[in-house]
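For reference, the structure discussed in these notes is given below.
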Amino acid sequence: MQTDFLVIGSGVAGLTFALDTRNYGRVAVITKKESNETNTNYAQGGIAAAISPADSIESHIKDTLLTGEGLCNPDAVKLMATEAPQVIEELSKLGVGFTKSRGAKFDLGREGGHSARRIVHTKDATGEAIETTLIKRAQERGVDLFENWLAVDLILKDGRCVGVRVFDTHENKVLPFFAKSVLIATGGIGSIYLHTTNPRIATGDGIAMAYRAGTPIANMEFVQFHPTSFYGKKIDGRALLLSEAVRGEGGVLKTKDGNAFMEKYDSRKELAPRDIVARAIHSELKKRGDNYVLLDITGLGSRKILDKFPNIYNACLNFSIDPIKEPIPVVPAAHYTCGGIVVDIDGKTNIPGLYATGESACTGVHGANRLASNSLLESIIFAHRAAKTAIGDSKIRISKIERLEKNLQSSNLESFNSLEKEPCKEDVISDYLLKIRELMWEQVGIVRNDKELKEAKDKILKYKSEIEKIYETHKISFQLIELRNAVTTASLVIECALKRKESRGLHFNIDYSEKDELHYKKDIVLKKLDKRIKLN
Ligand code: FAD
Ligand code: SIN
């Protein structure tokens with residue numbers, strides 16, 4: 001298998017890159033489930049862009065930097081906020097139908113940490129509108145889409161990334177897929193937590209893969225917990241999100257006995273940045289011994305709820321709650337990773353031929369905390385830049401790749417596809433995954449402490465070495481590949497969390513409850529020492 005541009009992931013980041021590079025060669029997008037099973041597809045609130053006359057790009061920059069608590073890369077933030085209005089135009093031209101309002105081109109929503117109305121949206125299903133449009137355009141333009149293909153590891157030759165080993169779930173076989181340029185756009189890590197708004201695909205595969213190949217990984221301690229997911233019910237393992245946009249329209253957080261509480265925590269109340277709101281809910285739950293708080297949107301009235309939030313309304317009805325008449329039980333859930341594969345603002349990693357963008361990359365835009373609705377935006381802007389770099393950079397000769405292919409096929413793939421190895425029992429794999437998810441939720445959650453982090457580290461390293469052994473000695477499978485990535489990703493989060501001995505943004509450690517500007521106004525970067533995956 002061979003192509004010019006190989007993209008791992010069919011979310012907004014991967015598809016944007018694919019559309020850009022398509023005019024310059026063959027493009028293959030591999031995705032581990034159906035093309036639309038992505039975090040992108042579930043995005044609700046929208047995309048931040050300062051397009052209202054009452055708003056400004058400077059204000060978008062200021063809000064992003066403030067929320068990022070001193071760790072944002074100001075150049076990347078400036079670039080993102082400045083280009084945001086163009087992104088809205090571009091998506092509209094591609095066919096994304098953003099919600100309009102009377103007298104203005106777009107209806108603008110409001111979310112936490114934003115000092116103005118600036119969220120462009122498609123009612124409460126913005127992600128689906130973007131995902132569907134981009135998949136359609138990619139198919140029309142001849143991008144090769146490979147569904148149910150799971151990237152296993154990067155192939156490196158002479159320090160350059162020349163392709164990916166992929167697991168074809170149709171054939172149950174690992175194959176080499178060679179390319180001039182490889183983009184990691186594998187999305188987030190929410191699924192390493194017991195409760196998450198992310199779909200099951202979010203096991204941090206690209207981050208784990210890049211780490212194994214020797215790419216620096218930064219700021220994994222900054223896991224964002226969304227304050228409001230539906231309590232006690234799941235859809236395919238994913239918690240239903242109640243968009244922050246509903247608080248933007250006047251939704252109020254209350255304790256079970258009906259008392260609003262956000263005023264005690266922040267003067268911006270329900271519209272404080274997410275870390276503050278999530279910690280406030282956590283604190284109320286601990287203090288009162290309750291399992292959930294209430295999100296009361298009855299004050300919005302039925303017209304606004306049905307008009308602006310039809311999907312949320314219907315999803316709540318399916319869970320037997322009518323949000324027009326009664327408050328919704330909610331809890332925080334793991335939602336987003338600010339950390340990831342270290343890239344420059346052109347999407348380059350430290351390995352020639354390898355790029356990363358979207359949620360799996362760390363561009364420095366979000367710092368210690370992401371401002372709501374900056375993620376789809378970041379994914380698109382930096383995917384464009386990565387595509388431009390990759391187009392200029394894809395000079396490796398195909399003849400060289402063909403030699404590599406022969407070499408690889410006759411060597412180490414045999415061990416992956418060995419018929420002698422037994423498959424690992426599925427319940428062994430699911431038991432490990434559950435233990436990891438529980439551990440992360442209980443000991444590496446919204447409020448952390450050193451004792452629990454150290455215990456979590458010991459446990460995760462034990463699981464990691466057991467899982468690596470199973471991986472080497474058993475027949476490879478989809479679940480086993482994911483489990484190996486999940487445990488690696490979890491270990492990276494814990495390691496970063498232990499190294500940051502302060503509280504900042506999304507990382508709150510009660511043993512160091514203040515910010516330490518002197519020692520920790522910096523990224524925490526991890527890098528594997530034995531860095532090369534050898535070809536033989
Ligand atoms: P994704 O869209 O997650 O795509 C990842 C892709 O990688 C998938 O196709 C997956 O199958 C594939 N993949 C993963 N591992 C492998 C592998 N090993 N091999 C092959 N393929 C692989 N952000 C906003 O800005 N605004 C919002 O309103 C908003 N709302 C959100 C609501 C929800 C419920 C969630 C979960 C997130 C929301 N976010 C929002 C965050 C935003 O949606 C994501 O950060 C963004 O969509 C990430 O895009 P991506 O392309 O990087 O990854
Ligand atoms: C939401 O709609 O609340 C999610 C927005 C985001 O994650 O940026």
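Atom set for the values below is all heavy atoms of this structure, side chains included, hydrogens, waters and symmetry mates excluded. Both ligands and their constituent atoms are indexed starting at 1 by order of listing.
The stretch residues 107-132 participates, sequence neighbours left out, in no ring-ring contact (aromatic ring centres under 6.0 Å, His included) pair at all. For residues 474-486, the salt bridge (charged side-chain N to carboxylate O under 4.0 Å, His left out) pairs, not counting sequence neighbours, are K32-E482, D153-R484, E468-R484.
A cation-pi contact, defined as under 6.0 Å to the ring centre and within 45° of the axis, is absent between R437 and Y193.
Heavy atoms of Q44 found under 4.0 angstrom from ligand 1 belong exclusively to the backbone. The proximity of T197 to ligand 1, defined as any non-hydrogen pair under 4.0 Å, involves the side chain as well as the backbone. With a 4.0 Å heavy-atom cut-off, ligand 1 is reached by the backbone of S375 and by its side chain too. If you look at N374 next to ligand 1, the close heavy atoms, those under 4.0 Å, all belong to the backbone. Residue contacts with ligand 1, taken as heavy atom pairs separated by less than 4.0 Å, involve W149 solely via the backbone atoms N, CA, C and O. If you look at D205 next to ligand 1, the close heavy atoms, those under 4.0 Å, all belong to the side chain.
Close approach of ligand 1 to N198 (heavy-atom distance below 4.0 Å) involves ligand atoms 36 (C).
Side-chain contact of S10 with S35: a donor-acceptor pair under 3.5 Å is absent, judged by distance alone. A donor-acceptor pair shorter than 3.5 Å cannot be found between the side chains of H335 and N198. Between the side chains of R118 and S59, at least one donor N or O sits under 3.5 Å from an acceptor N or O. E37 and Y42 form a side-chain donor-acceptor contact under 3.5 Å, judged by distance and modelled atom types alone.
For H335, the closest heavy-atom approach to ligand 1 falls below 4.0 Å. Not a single heavy atom of G127 sits closer than 4.0 Å to an atom of ligand 1. Within the structure, the closest approach of T126 to ligand 1 does not fall below 4.0 Å when heavy atoms are considered. Residue contacts with ligand 1 include G46, since one or more of its heavy atoms lies under 4.0 Å from the ligand. At least one heavy atom of I8 sits less than 4.0 Å from an atom of ligand 1. Using a 4.0 angstrom heavy-atom cutoff, R370 counts as in contact with ligand 1.
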Ignoring hydrogens and angles, write down the donor-acceptor pairs under 3.5 Å from the side chains of residues 81-88, residues two or more places apart or on other chains.
from, atom 1, to, atom 2, distance (Å)
T82, OG1, K78, O, 2.5

Please tabulate protein-ligand N/O pairs under 3.5 Å for ligand 2, atom names and distances to 0.1 Å.
from, atom 1, to, atom 2, distance (Å)
ligand 2, 2 (O), G45, N, 2.9
ligand 2, 2 (O), S243, OG, 2.7
ligand 2, 3 (O), H226, NE2, 2.8
ligand 2, 3 (O), E244, N, 2.7
ligand 2, 7 (O), R274, NH1, 3.0
ligand 2, 7 (O), R274, NH2, 3.2
ligand 2, 7 (O), H335, NE2, 2.7
ligand 2, 7 (O), R370, NH2, 2.8
ligand 2, 8 (O), R274, NH2, 3.4
ligand 2, 8 (O), R370, NH1, 2.8
ligand 2, 8 (O), R370, NH2, 3.4
ligand 2, 8 (O), S373, N, 2.6

